[in-house]
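Naming: A, B, ... by sequence-line order, numbering from 1 per chain.
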Number of protein chains: 2
Amino acid sequence: MARASTTSDAFNAVAEPRRREILSYLAGAERPVGEIVAALGLPQPSISKHLRVLHDVGLVRMRCQGRQKLYRTNAAAIRPLHEWAGTFERYWQHQLDRVKELAEATVRRSSPDLNSAQMKDKEK
Amino acid sequence: MARASTTSDAFNAVAEPRRREILSYLAGAERPVGEIVAALGLPQPSISKHLRVLHDVGLVRMRCQGRQKLYRTNAAAIRPLHEWAGTFERYWQHQLDRVKELAEATVRRSSPDLNSAQMKDKEK
DNA sequence: TTGACATATTCCCATATGGGTATATTGTTT
DNA sequence: AAACAATATACCCATATGGGAATATGTCAA
């Protein structure tokens with residue numbers, strides 16, 4: 001077998017940089033495809049394809065208005081991603097604490113002169 | 001051209017479900033490859049390949065200990081992902097507000113009897 | 001109805017993937 | 001040195017991808 005299809009979940013859909021751009025662009029307001037094309041500077045078929053992927057996984061919503069289709073980011077679908085990443089928050093905080101401790105220990109070990117010099121550096 | 005390579009950034013690396021599992025498994029403590037293999041029930045070469053991808057993008061750290069290599073999740077590398085997703089937080093909150101308003105409006109429009117019946121439903 | 005406009009779909013292609021199996025590599029123990 | 005343990009690589013394959021170009025579909029206007 002090959003890789004999981006891109007249409008399977010939000011994680012895969014969001015792995016593509018252009019699609020992230022589209023999501024950001026469509027976050028605040030709905031827009032017709034043409035505007036997205038103009039804004040991102042990609043060929044129209046390419047945008048349509050990305051929109052299809054995003055729509056399939058529920059990351060965007062679509063509404064027809066005359067001959068144009070208005071797309072808009074469905075932010076709620078990004079939430080699971082945010083929550084998954086948030087799972088690691090406590091760990092990266094631990095890491096930061098350790099880095100901090102290490103830095104402080106290093107400072108304590110160095111000479112007072114060098115020490116105050118470093119402090120000055122940090123202040124600016 | 002084809003898709004962006006998986007080793008390019010954290011977003012791509014994390015798109016693979018198995019790799020997410022590995023990251024979760026290695027979040028709390030460092031483990032030798034063998035344990036990961038046992039824990040996830042995947043063939044060893046497969047695990048090694050995923051670890052390589054994760055290591056290339058900085059999502060895991062590695063340390064040699066005798067003949068085994070200890071891997072551990074580098075949570076800090078997941079942070080950008082969390083922050084990107086967090087960018088949309090205010091939008092999904094708006095959405096929730098709108099859903100809430102809509103629901104309340106609907107309830108106001110329905111009969112008091114039906115209304116209390118629905119409340120009971122929600123309570124169980 | 002005939003056009004013009006806005007999007008979507010189809011085809012073809014180069015390439016990256018992940019899985020499986022076999023094998024190489026490196027460190028350890030006897 | 002030799003056998004062994006723990007990992008990493010190499011290879012092959014089926015498949016999903018994204019891009020580009022051409023074309024289909026659907027909608028409004030004259």
Side-chain angles (χ1 to χ4, degrees), chain A residues 1-23 25-26 29-73, chain B residues 1-23 25-26 29-73:
Chain A
M1 274 159 232
R3 71 159 18 175
S5 90
T6 215
T7 57
S8 52
D9 60 50
F11 283 93
N12 276 288
V14 154
E16 171 64 44
R18 311 314 182 93
R19 287 199 282 261
R20 288 200 295 279
E21 285 181 43
I22 295 179
L23 288 176
Y25 185 66
L26 296 178
E30 55 182 9
R31 316 261 194 192
V33 179
E35 277 187 37
I36 312 177
V37 169
L40 300 203
L42 291 179
Q44 176 266 316
S46 183
I47 294 288
S48 277
K49 282 184 218 169
H50 284 311
L51 284 173
R52 177 135 152 76
V53 172
L54 291 172
H55 190 259
D56 282 353
V57 301
L59 279 167
V60 299
R61 288 284 147 74
M62 190 261 279
R63 182 168 76 87
C64 293
Q65 186 193 52
R67 59 181 138 186
Q68 49 190 8
K69 312 205 174 175
L70 304 178
Y71 283 87
R72 154 176 232 158
T73 296
Chain B
M1 274 160 232
R3 74 160 15 175
S5 89
T6 214
T7 59
S8 52
D9 61 51
F11 284 93
N12 276 288
V14 154
E16 171 65 45
R18 311 312 181 108
R19 287 200 281 261
R20 289 201 294 278
E21 285 181 43
I22 294 179
L23 287 175
Y25 185 66
L26 295 178
E30 54 181 10
R31 316 262 195 192
V33 179
E35 276 186 37
I36 311 176
V37 169
L40 300 204
L42 291 180
Q44 175 266 316
S46 184
I47 294 289
S48 277
K49 282 186 222 167
H50 285 312
L51 284 173
R52 177 134 151 76
V53 172
L54 292 172
H55 190 259
D56 283 352
V57 301
L59 280 167
V60 298
R61 288 284 146 75
M62 190 261 280
R63 181 170 75 88
C64 293
Q65 187 193 53
R67 60 181 138 186
Q68 48 191 7
K69 313 206 174 174
L70 304 178
Y71 284 86
R72 155 177 231 156
T73 295

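We find that CG of N12(A) is positioned 14 Å from C1' of dG18(D), with the value rounded to whole Å. Between R18(B) atom CZ and dG20(C) atom P the separation is 9 Å, expressed in whole Å. Atom NZ of K49(B) is separated from atom P of dC12(D) by 13 Å (rounded to the nearest Å). As a whole-Å value, the separation of H55(B) NE2 from dT9(D) P is 11 Å. K69(A) has its NZ atom 8 Å from the P atom of dT27(D), to the nearest Å. The distance between atom CE of M62(A) and atom P of dA6(C), rounded to the nearest whole Å, is 17 Å. For the pair L51(A) CG and dA6(C) C1', the interatomic distance rounds to 13 Å; values are reported in whole Å. Between the CZ atom of R52(A) and the C1' atom of dT7(C) there is a distance of 13 Å, given to the nearest Å.
As judged by a 4.0 angstrom heavy-atom cut-off over every strand, S46(B) is placed among residues touching the sugar-phosphate backbone only. Within the 4.0 angstrom heavy-atom criterion, base atoms lie near P45(B).
In terms of position on DNA chain C, the residue among V33(A) and L42(B) whose nearest nucleotide sits closer to the 5' end is V33(A). Between G66(A) and Q68(B), the residue whose closest nucleotide on DNA chain D is further toward the 5' end is Q68(B).
A distance-only check finds a donor-acceptor pair linking the side chain of R20(A) to the backbone of V14(A) [under 3.5 Å].
When all heavy atoms of E30(A) and R63(A) are compared, the pair lying nearest together is OE2-NH2, 2.5 Å.
Remark: H50(B) is not in phosphate contact with dT17(C), judged by side-chain N or O atoms under 4.0 Å from OP1 or OP2. Residue Q44(B) places no side-chain N or O under 4.0 Å from the OP1 or OP2 atom of dA6(D). Side-chain nitrogen and oxygen atoms of Y71(A) include at least one within less than 4.0 Å of the OP1 or OP2 phosphate oxygen of dA8(C).
Counting heavy atoms of neighbouring residues, nucleotides and ligands inside a 6.0 Å radius, atom CZ of R18(B) does not exceed 12 of them.
For S48(B), counting side-chain heavy atoms from C-beta on, the closest listed nucleotide (dG18(C), dA8(D), dT7(C)) is dA8(D). Listed nucleotides dT27(D), dT7(D), dA8(C) differ in distance to R67(A); the shortest reach to its side chain belongs to dT27(D). Set against dT29(C), dT27(D), dG18(D), the side chain of R19(A) has dG18(D) as its closest nucleotide.
Contact of the I36(B) side chain with the L51(B) side chain is registered, since non-hydrogen atoms from C-beta on lie closer than 4.5 Å. The closest side-chain heavy-atom distance from Q68(A) to V33(A) is not below 4.5 Å.
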